[in-house]
Amino acid sequence: MGLRIYNSLTNQIDEFIPIEDGKVSMYNCGPTVYDYFHIGNARTFLVADIIRRYLEYKGYQVKFVQNFTDIDDKIINRANEEGVSASQLSSRYIEAYFEDSEKLGIRPADVHPKATDHIPEIIQLIERMVDKGIAYEVDGDIYYRIHKFLDYGKLSNRKPEDLLSGARVGIDKRKENPRDFDLWKNVKPNEPSWSCPWGCGRPGWHIECSAMAIKHLGESIDIHAGGQDLQFPHHENEIAQSEVLTGKTFARYWVHTAFLRIGGNRMGKSEQNFIFVRDALKDHSAEAIRHFLVSAHYRSPLDYNATSLSDSDSAIRRLNNCLERIGPYSELADSEVSTSDSEITRAAAEMLTNFELAMDEDFNTALAMGEIYKLVGHVNRFLTQEKLIQVDRVALGIAYQSLIKVCMVLGIYSELESIPNGNTQLVDQLMELVIDIRNDSRLRKDWVMADKVRDRLHEVGIELRDTPSGTNWEWRGD
RNA sequence: GGUGGCGUAGCCAAGUGGUAAGGCGGAAGUCUGCAAAACUUCUAUACGUCGGUUCGAUUCCGACCGCCACCUCCA
């Protein structure tokens, strides 16, 4: 069985067949850079990141493009409030995007195009639409005639005639049809503008994605992703603009990520109920935040609440404890010892199979993670046996590598945190000394001293564990 | 008014036409000088309500209730 993806265009789960065998082109609608991004935004970036990772895991060569919307009303307003230029403001938040996403373990896209770097391409598309009679000018604004595109509404399942009743938008009398949308906005005072055949102005929102996707990925792309809110009108309009010009299917698979909720409502900038990723990262590891975000299927709304992230902290800790314990056997995984009849090897293989089955079925990360934790439990149970023979060690090494492989796809594993700015070798030696001295106290049954050492180390972020085979320590962070 | 989604244990969250993955939390135990970590056992006669189809439904159909979102910018 191959990969199947829920396609918003067909409203069903479709078998995934890329345009070109072995290759995937993918476009994700990125942030409008007028502020830091919050956990809700992170959900869609993360989903795209995981889809990309999983496609690569399956052996596809992926070209992934995610744009920055760096010119729009919110950016202009915020820039004017702060007395800086729109480009200064957007540069600042583009930089912040890279900082935060890197900390979250989101890999940079292959291309991060900016709208303002594509003005000529945008103008060219608009000119072609004007020439074809699809677009028209009113007072320097250019609008798209939606009735010229017969398929308008196919993505969001809307009929053009239904779009008005109940709509909350005020009607612009200058438009031929109230649903026509702007491709280009005429210049206004205190706004950045670019010259164009109709005077000066700036691009509308939707046209930038058509221009950038076509430029960097071609006229037909495999996967187009984004938040649920973009399905209409943004993605619908992208389709209308692109397909009316190219005559080709703009994107074959449309992937929409459901909202992150908080207190039962959508987490959103306008609701003032968001949590910035950079703030969440102060209290939680990137792995824990990712664990939380992939704990639900991407098409289900996920509720954020005060305990969700700390639940994920605990879950990640247990995963890491397991990985630490079997990490030392990793190198044995390539050895010649036959492990074909080992229960751990079988369990690891089963986990991989089930992980892939789960991910193949529309990226079911929640199910996939369940499979990971089944193996974690199995391995932990196995480790309680008294003696491990070589076959067992090799099998554990295989289990380790299997776990690492899939955890990398979900991004819930990274190298252990080392002591910041620490001289690892020196710290190791000092810890050996401290533990040695403490164990002398324990031999003398000087529990007061032994506990004092343990408590004081705990205060600086080091955790001690007395086991039958000696005392271990681990850096837990401040 | 139109369109779509959601309602599963204390919490989070998968899932299937034949009687419920996983995580967190909780309880008891093993281990330990005590901890920590780990492990063991237990923790939903039941999946919003009411009908229908079926040998059998949480899973299909219908109605209803509750909640959310999109139709204006929002990932």
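In what follows, every chain begins at residue 1, and chains take the letters A, B, ... in the order their sequences are listed.
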Enquirer: Considering Watson-Crick and G-U wobble pairs with both distances under 3.5 Å, what does B:C6 pair with?
Expert: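 Partner of B:C6: B:G66.
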Enquirer: With rounding to the closest Å, how many angstrom separate the C1' atoms on B:U19 and B:C24?
Expert: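 The answer is 26 Å between these two C1' atoms.
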Enquirer: Applying a 4.0 Å non-hydrogen cut-off, can you work out what A:Ser156 is touching in the nucleic acid: base, sugar-phosphate, or nothing?
Expert: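 Sugar-phosphate contact only - A:Ser156 comes under 4.0 Å of backbone atoms but never of a base.
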Enquirer: Can you tell me if the side-chain N/O atoms of A:Arg266 get under 4.0 Å from OP1 or OP2 in B:C70?
Expert: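 Checking A:Arg266 against B:C70: at least one side-chain N or O falls below 4.0 Å of OP1 or OP2.
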Enquirer: Between P on B:A75 and CD1 on A:Ile106, what's the gap in Å once rounded to a whole number?
Expert: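 Atom CD1 in A:Ile106 sits about 14 Å away from atom P in B:A75.
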Enquirer: Sticking with atom P, work out how far B:G66 lies from B:A14, rounded to a whole angstrom.
Expert: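 Approximately 25 Å lies between the P atom of B:G66 and that of B:A14.
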Enquirer: Could you walk me through whether A:Glu356 and A:Met359 pass the side chain to side chain contact (heavy atoms under 4.5 Å, CB included) check?
Expert: CA-CA 5 Å; A:Glu356 287 168 25; A:Met359 292 298 282; 5.8 Å; no
Enquirer: Could you give the distance separating B:U72 and B:C67 at their P atoms, to the nearest angstrom?
Expert: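 Each nucleotide's P atom is 24 Å from the other's.
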Enquirer: Is the phosphate of B:A75, meaning OP1 or OP2, less than 4.0 Å from a side-chain N or O of A:Thr32?
Expert: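 Yes.
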Enquirer: For B:A36 and A:Trp473 - does any side-chain N or O of the residue sit under 4.0 Å from the phosphate oxygens OP1/OP2?
Expert: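 For A:Trp473, the contact criterion (side-chain N or O under 4.0 Å from OP1 or OP2 of B:A36) is not met.
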Enquirer: Give one of base, sugar-phosphate or nothing for A:Asp451, where a contact means two heavy atoms less than 4.0 Å apart.
Expert: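 Answer is base: heavy atoms of A:Asp451 come under 4.0 Å of a base.
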Enquirer: Need one value for A:Arg78: base, sugar-phosphate or nothing, where a base atom within 4.0 Å counts as base even if backbone is also close, heavy atoms only.
Expert: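 No contact.
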Enquirer: Ignoring hydrogens and angles, answer whether the base of B:A35 and the side-chain atoms of A:Arg454 contain a donor-acceptor pair closer than 3.5 Å.
Expert: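 By the distance-only test, yes, there is a pair.
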Enquirer: Could you give the CD1-to-C1' distance, from A:Ile435 to B:A36, as a whole number of Å?
Expert: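 Whole-Å distance recorded here is 13 Å.
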Enquirer: Could you tell me the separation between the NE2 atom of A:His38 and the C1' atom of B:C74, rounded to a whole number of Å?
Expert: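 To the nearest whole Å, that distance equals 7 Å.
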Enquirer: Between A:Arg325 and B:A37, does any side-chain N or O lie under 4.0 Å from OP1 or OP2?
Expert: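 So the side chain of A:Arg325 is outside the cut-off, no N or O lying under 4.0 Å from OP1 or OP2 of B:A37.
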Enquirer: Hey, is the side chain of A:Asn364 poking within less than 4.0 Å of OP1 or OP2 on B:G15, counting only N and O atoms?
Expert: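 Checking A:Asn364 against B:G15: at least one side-chain N or O falls below 4.0 Å of OP1 or OP2.
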Enquirer: Is the distance between the ring centroids of A:Phe68 and A:Phe98 under 6.0 Å?
Expert: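 They qualify: ring centres under 6.0 Å apart.
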Enquirer: Please name the nucleotide paired to B:C31 by Watson-Crick or G-U wobble geometry with both distances under 3.5 Å, or report none.
Expert: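 Here B:C31 is not engaged in any pair, so there is no nucleotide opposite it.
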Enquirer: Among B:C73, B:A14, B:C12, find the nucleotide with the atom closest to the side chain of A:Leu302.
Expert: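 Looking only at heavy atoms from C-beta outward on A:Leu302, the closest nucleotide is B:C12.
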Enquirer: B:C6 and B:G10: how far apart are their P atoms, nearest whole angstrom?
Expert: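 Rounded to whole Å, the distance is 23 Å.
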Enquirer: Distance-only, no hydrogens or angles: does the A:Asp222 side chain make a donor-acceptor pair with backbone N or O of A:Ser25 under 3.5 Å?
Expert: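 Indeed, once roles are kept as given, a pair shorter than 3.5 Å links the two residues.
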Enquirer: Return the nucleotide paired to B:C11: Watson-Crick means purine N1 to pyrimidine N3 with N6-O4 or O6-N4, wobble means G-U with N1-O2 and O6-N3, both under 3.5 Å.
Expert: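 Checking every strand shown, B:C11 finds its partner in B:G23, with both distances under 3.5 Å.
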Enquirer: Starting from the 5' end of RNA chain B, give me the residue, A:Lys445 or A:Phe259, whose nearest nucleotide shows up first.
Expert: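 Result of the comparison: A:Lys445.
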Enquirer: Check whether the ring centres of A:Tyr34 and A:Tyr93 lie less than 6.0 Å apart, and answer yes or no.
Expert: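 When the ring centroids of A:Tyr34 and A:Tyr93 are compared, they turn out to be at least 6.0 Å apart.
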Enquirer: Starting at atom OH of A:Tyr373, determine the distance to atom P of B:C24, rounded to an integer number of angstrom.
Expert: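 One finds 7 Å between P of B:C24 and OH of A:Tyr373, rounded.
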Enquirer: Within residues 67-74 of chain A, find the residues that approach RNA chain B with a heavy atom at under 4.0 Å, and present them sorted by residue number.
Expert: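 Of all residues in residues 67-74 of chain A, the ones placing a heavy atom under 4.0 Å from RNA chain B are A:Lys74.
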Enquirer: Only one of A:Leu9, A:Ile221, A:Asn7 clears side-chain contact (heavy atoms from CB on, under 4.5 Å) with A:Tyr253; which?
Expert: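 The residue from A:Leu9, A:Ile221, A:Asn7 that satisfies side-chain contact (heavy atoms from CB on, under 4.5 Å) with A:Tyr253 turns out to be A:Asn7.
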Enquirer: Between A:Phe45 and A:Tyr97, does the ring centroid distance fall short of 6.0 Å?
Expert: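 Yes, close enough.
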Enquirer: Does the side chain of A:Ser300 get closer than 4.0 angstrom to OP1 or OP2 of B:A14 through an N or O atom?
Expert: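 Yes.
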Enquirer: A:Ile462 has an atom CD1; how far is it from atom C1' of B:A36, in whole Å?
Expert: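 Going from CD1 in A:Ile462 over to C1' in B:A36 covers 15 Å.
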Enquirer: Report which part of the nucleic acid A:His256 touches: base, sugar-phosphate, or nothing (heavy-atom distance under 4.0 Å, all strands).
Expert: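 Answer is nothing: A:His256 stays at 4.0 Å or more from every strand.
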Enquirer: Could you tell me whether A:Ile372 contacts a base, only the sugar-phosphate backbone, or nothing, with contacts defined as non-hydrogen atoms closer than 4.0 Å?
Expert: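 Answer is nothing: A:Ile372 stays at 4.0 Å or more from every strand.
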Enquirer: Are B:G33 and A:Trp447 stacked, with the base six-membered ring and the side-chain ring centres under 5.5 Å apart and planes under 30°?
Expert: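 It does: the two rings, one from A:Trp447 and one from B:G33, meet the stacking criterion.
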Enquirer: When the distance from CZ of A:Arg317 to P of B:G25 is rounded to whole Å, what number comes out?
Expert: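 In whole Å, B:G25 P and A:Arg317 CZ are 10 Å from each other.
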Enquirer: Between A:Asn321 and B:A37, is there a contact of a side-chain N or O with OP1 or OP2 at under 4.0 Å?
Expert: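 Checking A:Asn321 against B:A37: no side-chain N or O falls below 4.0 Å of OP1 or OP2.
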Enquirer: Quote, to the nearest angstrom, the P distance that separates B:C47 from B:U41.
Expert: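 27 Å, rounded to whole Å.
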Enquirer: Contact class for A:Gly268 vs. all strands (heavy atom < 4.0 Å): base, sugar-phosphate, or nothing?
Expert: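 The residue A:Gly268 makes no contact with any strand.
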Enquirer: Between B:C50 and B:C55, how far apart are the two P atoms, rounded to whole Å?
Expert: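 Result for the P pair: 23 Å, nearest Å.
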Enquirer: More than 12 non-hydrogen atoms from neighbouring residues, nucleotides or ligands closer than 6.0 Å to CD on A:Glu343, yes or no?
Expert: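 Yes, the 6.0 Å shell around CD holds more than 12 heavy atoms from other groups.
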Enquirer: Counting the atoms with a prime plus P, OP1 and OP2 as sugar-phosphate, which does A:Asn472 contact under 4.0 Å by heavy atoms, base, sugar-phosphate, or nothing?
Expert: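 Touches nothing.
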Enquirer: Taking the side chain of A:Asn265 as heavy atoms from C-beta outward, which of B:C68, B:A14, B:C70 is closest to it?
Expert: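 Per side-chain heavy atoms of A:Asn265, the pick is B:C68.
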Enquirer: Any idea which of B:G23, B:C71, B:G33 is nearest the A:Arg438 side chain?
Expert: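 For the A:Arg438 side chain, the nearest candidate turns out to be B:G33.
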Enquirer: Starting at the 5' end of RNA chain B, which residue's closest nucleotide do you reach first, A:Ala315 or A:Ser295?
Expert: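 Whichever sits nearer the 5' end wins; that is A:Ser295.
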Enquirer: Has A:Arg52 got its NZ or CZ under 6.0 Å from the middle of the six-membered ring of A:Phe64, at an angle within 45 degrees of the ring axis?
Expert: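 No - A:Arg52 does not lie over the ring of A:Phe64 by the 6.0 Å and 45° rule.
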Enquirer: Between B:G23 and B:A9, how far apart are the two C1' atoms, rounded to whole Å?
Expert: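 The answer is 13 Å between these two C1' atoms.
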Enquirer: Look at the side chain of A:Asp466 against the base of B:C34 and say whether a donor-acceptor pair falls under 3.5 Å; ignore hydrogens and angles.
Expert: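 Such a pair is found, so the answer is yes.
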Enquirer: So does A:Asn380 get a side-chain nitrogen or oxygen closer than 4.0 Å to the phosphate oxygens (OP1/OP2) of B:C39?
Expert: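 Result: yes.
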Enquirer: Look at the aromatic rings of A:Phe276 and A:Phe274 and report parallel, tilted or perpendicular, splitting at 30° and 60°.
Expert: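 Answer is tilted, since the angle falls between 30° and 60°.
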Enquirer: With both distances kept under 3.5 Å, what pairs with B:U54, Watson-Crick or G-U wobble?
Expert: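 WC or wobble partner does not exist here.
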Enquirer: Going through the checks in order, is the side chain to side chain contact (heavy atoms under 4.5 Å, CB included) test met by A:Arg442 and A:Trp447?
Expert: CA-CA 6 Å; A:Arg442 294 176 70 214; A:Trp447 309 127; 4.0 Å; yes
Enquirer: In whole Å, measure the gap between the P atoms of B:C39 and B:U45 for me.
Expert: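 Rounded to whole Å, the distance is 26 Å.
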Enquirer: May I ask you to evaluate whether A:Arg158 reaches the phosphate of B:G4, defined as a side-chain N or O under 4.0 Å from OP1 or OP2?
Expert: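 False: A:Arg158 side-chain N/O out of range (4.0 Å or more) of B:G4 OP1/OP2.
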Enquirer: When all nucleic acid strands are considered with a 4.0 Å heavy-atom cut-off, which category describes A:Asn305: base, sugar-phosphate, or nothing?
Expert: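 Touches sugar-phosphate only.
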Enquirer: Nearest-Å distance, CG (A:Asp35) to P (B:C74)?
Expert: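 So the two atoms are 15 Å apart, to the nearest Å.
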Enquirer: Would you say a side-chain N or O of A:Ser314 is under 4.0 Å from OP1 or OP2 of B:G23?
Expert: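 No.
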Enquirer: Please determine whether side chain to side chain contact (heavy atoms under 4.5 Å, CB included) holds for the pair A:Trp473 and A:Ile435, giving the CA-CA distance in whole Å, both sets of side-chain angles, and the decisive distance to 0.1 Å.
Expert: CA-CA 9 Å; A:Trp473 68 276; A:Ile435 288 171; 3.7 Å; yes
Enquirer: How many Å lie between NE2 on A:His284 and C1' on B:G23, as a whole number?
Expert: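 Rounding to the nearest Å, NE2 of A:His284 and C1' of B:G23 are 16 Å apart.
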Enquirer: How are the rings of A:Trp254 and A:Phe250 set to each other: parallel, tilted or perpendicular (split at 30° and 60°)?
Expert: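 Geometry flag for A:Phe250 against A:Trp254: tilted rings.
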